[in-house]
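To keep things clear, I will list the structure first and then write my remarks on it.
So that the names make sense, note that chain A is the first sequence line, chain B the second, and so on, each numbered from 1. We use all heavy atoms of the structure for the numbers below, so side chains are in, but hydrogens, waters and symmetry mates are not.
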Protein chains: 2
Amino acid sequence: MVGAKILIIDDEAPIRKLLRVTLEAHGYTTLEAVSGQNGILKATMERPDLIILDLGLPDMDGVEALSQLREWCFAPIIVLTVRDDEAGKVFALDHGADDYVTKPFGMGELMARIRVALRHVGNQADEPVLVIGSLTIDLARRIVEKNGEPIRLTPIEYDLLKTLATNAGRVMTHRQLLQQVWGEQNYETASHYIRIYVGHLRKKIEDDPNRPQLLTTEPGVGYRLIAHS
Amino acid sequence: MVGAKILIIDDEAPIRKLLRVTLEAHGYTTLEAVSGQNGILKATMERPDLIILDLGLPDMDGVEALSQLREWCFAPIIVLTVRDDEAGKVFALDHGADDYVTKPFGMGELMARIRVALRHVGNQADEPVLVIGSLTIDLARRIVEKNGEPIRLTPIEYDLLKTLATNAGRVMTHRQLLQQVWGEQNYETASHYIRIYVGHLRKKIEDDPNRPQLLTTEPGVGYRLIAHS
DNA sequence: AACGATCTTTACGCCTTTTTGACGTGGCTT
DNA sequence: AAGCCACGTCAAAAAGGCGTAAAGATCGTT
């Protein structure tokens, strides 16, 4: 991908400058952020094709930033760090990082790893916007629209819809939904929540909430959001 | 991707063994090749989901093997090597390698990098769909169709059909079915359930429920779902 | 302090699924 | 031929899942 847009999240000015100069010499365009919050904001606004994230940020834990980015952002993320412990690497890689480079690093290697990461997404041009029937879900802006009209959703309603939508077409069991939306809970008491919030969601997204077309019940198993269509 | 098939191309037996044991402990299935030629052959024959390639091969240059694999093989390739020169890394990454790990490496890190690589191809991997005559069973989506028409099944009906279908062609005894579907029970009382639910299933999947073609009775033993068509 | 929005809890009616029980059939043995 | 056993079907009872409404509880904001 030529001329890809790359976001650099790092608090150290010299590193940022080094990266910026090198990347631009290779034909990429760059964005910079000096903190985690700022980085997440820039990622939301600018939709970069790739993100270079330094884990040693002043304002928040690097892995926390990683997790927040991965909630909606599909762009590859290359983690940069001075720490060389294996546990940290594994943790970052399992939380959404696509690669992990330890400082001090060779610029040539980093550039090659960037090319690999961009090769992976190369053609598919992933817009973080899901479309299900007349419903559009913009994960980055956290906006849900039905026939172009924005829909107000409470946090839990949104998380529930997001979980269903990112797995559109397949059944999400009660247990899976509880774990994703509420974060692990005792099953019996909580399985009731789901019915209530599915009811709320249907009132907001279905044409006829009594005869659900998008969000269907799989008796005894869970719920399913139909795929694309 | 659980149970992915991983091909190990390495001429050193101890390394192969270490990788095999670790990978299989993580639930993967493994293949092994001791040379480049052999590796390319095995990749052609077995279509692994991922390849671990040691660059220090006796019979051919590692990058040459890499290039030959990439001519037709889209599975992710993780390169393993003792050399730590940056030029080699860049060369390998630019010639189709998806990742590059330098020996001695941490097993945890390698496993994490394997998970990342499999995550990239994960969603586009073909789903397991069983086909029995005019019946299709999509295990991932939990959808059963007969002549293209979806069929509604209750949880027990579905579990029963799934058990029979994953063992299509062979007889499932009453005891096996009870254990799979109901989860161990006293045999005498429960063997009755099976007849009832087999009856339900036949009504839904057979053309003529009175003359079963797909789901046949093995008197005194159990039931059998015919294999494929 | 009061308000509004959201989340949690409680209650209830409906419906599907599961279990239970009863009965008929056909084949095999005695 | 009678009796037994495994199989198949039917239908009623029991259990439990599903959906809705509405009353507390919680939190942040004005």
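Between B:Trp182 and C:dT19, a side-chain N or O to OP1/OP2 separation shorter than 4.0 Å is present. Contact annotation: B:Tyr197 side-chain N/O to C:dT18 OP1/OP2 distance is under 4.0 Å. For A:Tyr158 and C:dT6, the shortest distance from a side-chain N or O to OP1 or OP2 is not below 4.0 Å. One finds a side-chain N or O of A:Thr154 lying less than 4.0 angstrom from the OP1 or OP2 phosphate oxygen of C:dC7. OP1 or OP2 of C:dT17 has at least one side-chain nitrogen or oxygen of B:Arg152 nearer than 4.0 Å.
Non-hydrogen atoms lying under 4.0 Å from DNA chain C are contributed by nothing in residues 165-172 of chain B. Near DNA chain C, meaning a heavy atom under 4.0 Å from it, residues 199-217 of chain A has no residue at all.
The side-chain hydrogen bond (donor to acceptor under 3.5 Å, both in side chains) test with A:Glu32 singles out one residue from A:Lys17, A:Lys42, A:Arg16, and that residue is A:Arg16. For the side chain to side chain contact (heavy atoms under 4.5 Å, CB included) criterion with B:Leu177, the lone passing option out of B:Asn167, B:Val198, B:Leu160 is B:Leu160. Under the side chain to side chain contact (heavy atoms under 4.5 Å, CB included) test applied with B:Ile78, the options B:Val116, B:Ile51, B:Val101 reduce to a single match, B:Val101.
Residues meeting the side chain to side chain donor-acceptor pair (under 3.5 Å) test with B:Arg142, sequence neighbours left out: none.
A:Glu157 has its CD atom 13 Å from the P atom of C:dA5, to the nearest Å. Between the C1' atom of D:dT9 and the CD1 atom of B:Ile194 lies a distance of 17 Å, rounded to the nearest Å. Here C:dT19 presents its C1' atom at 5 Å from OH of B:Tyr193, a figure rounded to the nearest Å. For the pair B:Arg195 CZ and C:dT19 P, the computed distance is 15 Å after rounding to whole Å. Atom-to-atom, CD1 of B:Ile196 to C1' of C:dT20 comes out at 8 Å; the value is rounded to the nearest Å.
Residue B:His192 places no side-chain atom within donor-acceptor reach of the base of D:dA6, judged by atom type and a 3.5 Å distance cut-off alone.
Backbone-only engagement by B:Ile156 is indicated by non-hydrogen atom pairs under 4.0 Å involving sugar-phosphate atoms exclusively.
No salt bridge links A:Arg119 with A:Asp98; every basic N to acidic carboxylate O contact stays at or beyond 4.0 Å. Between A:Asp84 and A:Lys103 there is no salt bridge, since no side-chain N of the basic residue sits under 4.0 Å from a carboxylate O of the acidic one.
Ring-plane geometry between A:His200 and A:Tyr197 is classed as perpendicular, the angle between the planes exceeding 60 degrees on a 0 to 90 degree scale with a lower cut at 30.
If you check the side chains of B:Lys146 and B:Ser134, you find a donor sitting under 3.5 Å from an acceptor.
Interatomic distance, CD of B:Gln179 versus OG1 of B:Thr163, reported as 11.0 Å (0.5 Å rounding).
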